[in-house]
J.: 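Sharing a structure with you now.
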2 protein chains.
Amino acid sequence: MSQNGAGVNLETSLGYLLKEASSALRVAMEEVLRPLGMSVTHYSCLELLAQRPGLSNSELARGAFVTRQSMNVLLQALERDGYVTRPDEAPVGKALPARLTPRGRRSLEKATVAVRSVELRMLAGLTETEQSDAFRLLKSMIHSLRDSDDAT
Amino acid sequence: MSQNGAGVNLETSLGYLLKEASSALRVAMEEVLRPLGMSVTHYSCLELLAQRPGLSNSELARGAFVTRQSMNVLLQALERDGYVTRPDEAPVGKALPARLTPRGRRSLEKATVAVRSVELRMLAGLTETEQSDAFRLLKSMIHSLRDSDDAT
DNA sequence: TGACTCATGTCAGTATTCTGACATAGATTG
DNA sequence: CAATCTATGTCAGAATACTGACATGAGTCA
């Protein structure tokens, strides 16, 4: 149409499409989590702790793709409300291993069902083969982006 | 490892991987845009206007995946700083068609080059066929997610 | 025509995330 | 052993995006 020479055509840009897909996923997740009074980061934190008990604040932050400062704010709220517990002293270093309380686990159960339904909906039109293709392609993109993060 | 029954295994979840890829892309874009004093949303707005001159605030918001209120704040700043112009009166309805000024176009040029390099890096490990596969698969996921947005 | 619905621009306040900064614990290195 | 580096937790302030709300213009419909 216009200046297509050095531009990034949004219609054909995989980056743009990636952002669009991620946005659609986030919206869909927020939609099903809102009735449970839970944000996406909130859910991510609980899910991470369920699958990898004892993760520290910084590890949770990396797993949820936010800064450790942001995760700290969330974690303190979750601790205050009794969804998560952390020891008063670090067993080693400064990292405090966090764990779900029974209440946290209970809260997560409903959310997991809701999020699972969203993921299934997203994959509805894809065959098993296409799903593993998508997995492999995304892995490759992530790897390429991270690789030369320093070597800029 | 632990409770894999009804859970969403993060290691094998396409949703999680999608979020990871999108996060990596955002980080990489912020990295190259920061020296230009430009945020991702800022760049998205200019790029959208370059490719589709005359888009309204609401249309730009949808294209950049933010609310129209957020885009309005950005757009007013861009207008104040002389990157964008909007007519005082709407030619039809209330929508004000925005356009890049020469200064906005000049500012975008450098950013486009930077972002293009990120996108190329992301696709470095993929063949042409794999890229169109990724495109098709992402399109399918987006469609599936949007389809039943209302029918919840 | 008049009531209704819908999309838009915009203001205000809230919430969330980020950047900057500091102190501390462990590992590395000379 | 001392210096340095890296990672961590945490506080504070700034930036960014969001929800809520209101008024306005255009289309629909009875």
Side-chain angles (χ1 to χ4, degrees), chain A residues 19 22-23 26-31 33-35 37-45 48-49 54-81 84-99 149-150, chain B residues 19 22-24 26-31 33-46 48-49 54-81 84-99 150:
Chain A
K19 190 173 173 183
S22 176
S23 169
R26 167 167 282 268
V27 167
M29 285 180 66
E30 282 168 348
E31 200 171 306
L33 289 175
R34 184 165 311 134
M38 206 180 285
S39 73
V40 174
T41 307
H42 184 145
Y43 160 76
S44 300
C45 177
L48 280 162
L49 282 177
L55 284 187
S56 71
N57 174 49
S58 288
E59 292 169 323
L60 286 168
R62 282 191 290 270
F65 311 110
V66 296
T67 63
R68 65 185 196 278
Q69 291 91 331
S70 297
M71 182 55 75
N72 193 38
V73 172
L74 172 62
L75 210 48
Q76 285 177 353
L78 291 177
E79 201 173 6
R80 168 174 51 79
D81 297 342
V84 163
T85 53
R86 284 191 291 180
D88 291 338
E89 292 192 359
V92 55
K94 292 192 69 182
L96 299 171
R99 291 179 184 281
D149 242 14
D150 328 308
Chain B
K19 190 174 173 184
S22 175
S23 169
R26 167 168 282 267
V27 167
M29 285 179 68
E30 283 169 348
E31 199 171 309
L33 288 175
R34 183 164 312 134
L36 304 174
M38 207 179 284
S39 73
V40 174
T41 306
H42 185 144
Y43 160 75
S44 300
C45 178
L46 296 185
L48 280 161
L49 282 178
L55 285 187
S56 70
N57 175 49
S58 289
E59 290 169 325
L60 287 168
R62 282 191 292 269
F65 310 110
V66 296
T67 62
R68 67 185 196 274
Q69 291 91 333
S70 297
M71 181 56 74
N72 193 39
V73 171
L74 172 62
L75 210 48
Q76 285 178 353
L78 291 177
E79 201 173 5
R80 168 174 50 80
D81 297 343
V84 163
T85 53
R86 284 190 290 181
D88 291 338
E89 291 191 0
V92 55
K94 292 192 69 181
L96 298 171
R99 292 179 182 280
D150 328 309

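Every chain is numbered from 1, with letters handed out A, B, ... down the list of sequences.
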J.: Without decimals, in angstroms, what is the distance between B/His42 NE2 and D/dA17 C1'?
T.: 16 Å
J.: In whole angstrom, give the distance that lies between atom CG of B/Asp88 and atom P of C/dG9.
T.: 15 Å
J.: Would you kindly give the CD-to-P distance between B/Glu89 and C/dT10, to the nearest whole Å?
T.: 13 Å
J.: Using side-chain heavy atoms (C-beta onward) and a distance below 4.5 Å, is B/Leu96 in contact with B/Ser56?
T.: no
J.: Just the rounded figure in Å: distance from P of D/dT6 to CZ of A/Arg62.
T.: 15 Å
J.: Between C/dT17 atom P and A/Arg68 atom CZ, what is the distance in whole Å?
T.: 16 Å
J.: Which nucleotide in the list D/dT19, D/dG9, C/dG9 gets nearest to the side chain of B/Ala95?
T.: C/dG9
J.: When you measure from the side-chain N and O atoms of B/Arg34 to the phosphate of C/dC18, is any distance below 4.0 Å, counting only OP1 and OP2?
T.: no
J.: Using atom CG of A/Leu74 as one end and atom C1' of D/dG9 as the other, report the distance to the nearest whole Å.
T.: 15 Å
J.: Is there a side-chain polar atom (N or O) of B/Thr67 under 4.0 Å from OP1 or OP2 of D/dA17?
T.: no
J.: Any donor-acceptor pair under 3.5 Å joining the side chain of A/Gln69 to the base of D/dG9?
T.: no
J.: Can you find a side chain N or O atom of B/Asn72 that sits less than 4.0 Å from OP1 or OP2 on C/dT10?
T.: yes
J.: Using heavy atoms to find the nearest nucleotide of DNA chain D for A/Glu59 and B/Val92 separately, return the residue whose nucleotide is more 5′.
T.: A/Glu59
J.: Using a heavy-atom cut-off of under 4.0 Å over every strand shown, decide if B/Ser58 touches base, sugar-phosphate, or nothing.
T.: sugar-phosphate
J.: If we only count heavy atoms from C-beta on, is the A/Leu74 to A/Val66 side-chain gap below 4.5 Å?
T.: no
J.: Can you find a heavy atom in the side chain of B/Gln76 that is under 4.5 Å from one in the side chain of B/Asn72?
T.: yes
J.: Please tell me which of the listed nucleotides, D/dC11, C/dT10, D/dG9, lies nearest to the side chain of A/Gln76?
T.: D/dC11
J.: Nearest to the side chain of A/Lys94, heavy atoms from C-beta on, is which of D/dT10, C/dT17, C/dA25?
T.: C/dA25
J.: Would you say that A/Arg68 contacts A/Leu60 through its side chain, given a criterion of any heavy-atom pair below 4.5 Å between the two side chains?
T.: no
J.: If you measure only the distance, is there a donor-acceptor pair under 3.5 Å linking the side chains of B/Thr41 and B/Ser44?
T.: no
J.: Taking CE from B/Met71 and P from D/dT16, how many angstroms apart are they, rounded to a whole number?
T.: 13 Å
J.: Between B/Leu96 and A/Pro91, which has a closest nucleotide on DNA chain C that is more 5'?
T.: B/Leu96
J.: Answer whether the closest heavy-atom distance between the side chains of A/Arg86 and A/Asn57 falls below 4.5 Å.
T.: yes
J.: Is any side-chain N or O of B/Ser70 closer than 4.0 Å to OP1 or OP2 of D/dC18?
T.: yes
J.: Taking 4.0 Å as the cut-off, does a side-chain nitrogen or oxygen of B/Arg86 come that near to OP1 or OP2 on C/dT10?
T.: yes
J.: So what does A/Ser39 touch, heavy atoms closer than 4.0 Å: a base, only the sugar-phosphate, or nothing?
T.: nothing
J.: Rounded to the nearest Å, what distance is computed from the CG atom of residue B/Asn57 to the P atom of nucleotide D/dT24?
T.: 19 Å
